[in-house]
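Chain letters run A, B, ... following the sequence lines, proteins first and then strands; every chain starts at 1.
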Protein chains: 2
Amino acid sequence: MKKSKDDAELTKQTIVDAAKDLFAAKGYAATSMAEICSAAGCSRGGLYHHFDSKEDLFIFLADQSFTVSWENWDEVAEDSMTATEQLYRYAEYFVDTLQKPLNKAGEEFISRVGPDSEAGQRFLGILHGYMQRFQNLVQTGLDRGEWKGDNAQELAMIILGYYSGLSDSIQMMSKTEGKQLYRKATMLLLEGIQK
Amino acid sequence: MKKSKDDAELTKQTIVDAAKDLFAAKGYAATSMAEICSAAGCSRGGLYHHFDSKEDLFIFLADQSFTVSWENWDEVAEDSMTATEQLYRYAEYFVDTLQKPLNKAGEEFISRVGPDSEAGQRFLGILHGYMQRFQNLVQTGLDRGEWKGDNAQELAMIILGYYSGLSDSIQMMSKTEGKQLYRKATMLLLEGIQK
DNA sequence: AATAAGACCGACTGATCGGTCTGTATAAAT
DNA sequence: ATTTATACAGACCGATCAGTCGGTCTTATT
């Protein structure tokens, strides 16, 4: 039987992975703790050994998805790349790391716990940190004169909304097809559709 | 007291409006029938007099939002407009009619009832009809040689995803600000951000 | 005036939810 | 070898959910 510390950490991660898929697919409220247990192959008691509450699990999971996703970015993108190259690279990266997007579940979560609650503040902080990193990427493109515009924050918001909205459409696609769609979408954004 | 047929229709519409706001803001599962009643100012019994179930209410509401929104489009857009002008016009129209988007609640709804259930089929049919109309608009732009590309379906999917994803960001904005953001986003899509 | 039909209310029901608590088996510490 | 701490399991609880039902009041019909 698995009861060692390493095994426990593995069990915890199994729960997180299962919960992430379910939250992304069904939303926050529509996903029950019992479903998560069932998908992760553990009991409800076991789950509550690792997480204090549903909110706690969601925030832990969001932090891992949003914050940790940036930690590997520096290995993926090199400074030598142009901002445009980086944006293409990020589009792929988005599909890889956030294919199951938590945006929808996140908004539902916020509306449920309230933006001023402790849980709401923590989640919004995580989200803000994520967007800040992306805004840096956009700022690079503007500073280097590669892209038009002067408002990095607004542009970052638009592009992230773009990618987020597009993720709805790739749920039924393979990862390869999804990346192709994101590449095309990025190309459209860069070059425009107007003749 | 309001008990006549006209009053009943008004009561029903009040329920629909309240439900639409709540579903859009909180999601499908997270919105309770009691909350809808409270917002609409009627009792739970009264609500179930007008709608057989929660699913029934949601489908009715989705039909009204998606299908009916196109019915007034022909009055808004004239054939004389270029496709580009029509797209700008549609961006405004999108903010006006679908500012509270049901996309998220809709996906949650689908995952809950299943895409093959009767309710799921009905909802997907409504959604498909909506997208088809938008695809026609895109096809016009391609046919007239205004826009680059050859795949109207893919382009329509991308643009609608674009607008849908952006709607998350305008929840806290006024309608005027929202329209400005959509106008800017449409301009970016048309002209591209690359120098 | 009497009757029928529609509009609406609110108490009730069974199921399900998030969360707690007790118990047990294993691993680590002594 | 014994104790302690950790990692679970599953029965259980109060709250809340969607949906039902019997009754009341008003309008429409005859």
Can you name the residues that form a side chain to side chain donor-acceptor pair (under 3.5 Å) with S164(A), not counting sequence neighbours? N103(A)
Using a strict threshold of under 4.0 Å (side-chain N to carboxylate O), is an ion pair present between K104(A) and D168(A)? yes
What one should report as the nearest heavy-atom pair of L124(A) and I110(A) is CG-CD1, 3.6 Å
Any chance CZ of R122(B) has more than 12 other-residue heavy atoms, nucleotides or ligands included, within less than 6.0 Å? no
Under the criterion ring pair (Phe, Tyr, Trp, His ring centres under 6.0 Å), I'd like the reasoning laid out for W70(A) against Y90(A): C-alpha separation, chi angles, the key distance, then a yes or no. CA-CA 10 Å; W70(A) 278 117; Y90(A) 183 80; 5.4 Å; yes
Just how far, in rounded Å, is C1' of dT6(D) from NZ of K12(A)? 14 Å
Heavy-atom closest pair (A30(B) atom, K26(B) atom, distance to 0.1 Å) is CB-O, 3.2 Å
Rounding to a whole Å, what distance do you find between E9(A):CD and dC8(D):C1'? 15 Å
Report the distance from atom CG of L47(A) to atom P of dG10(D), rounded to the nearest whole Å. 14 Å
Output yes when at least one side-chain N/O atom of H50(B) is less than 4.0 Å from OP1 or OP2 of dC8(C), else no. yes
Please determine if a side-chain N or O atom of H49(B) lies less than 4.0 Å away from the OP1 or OP2 oxygen of dA7(C). yes
Specify the separation, in whole Å, of atom CD1 of I15(A) and atom C1' of dA7(D). 11 Å
Which letters describe nucleotides 17-22 of chain D, given B = protein heavy atom under 4.0 Å from base, S = only from sugar-phosphate, - = neither? SBBB--
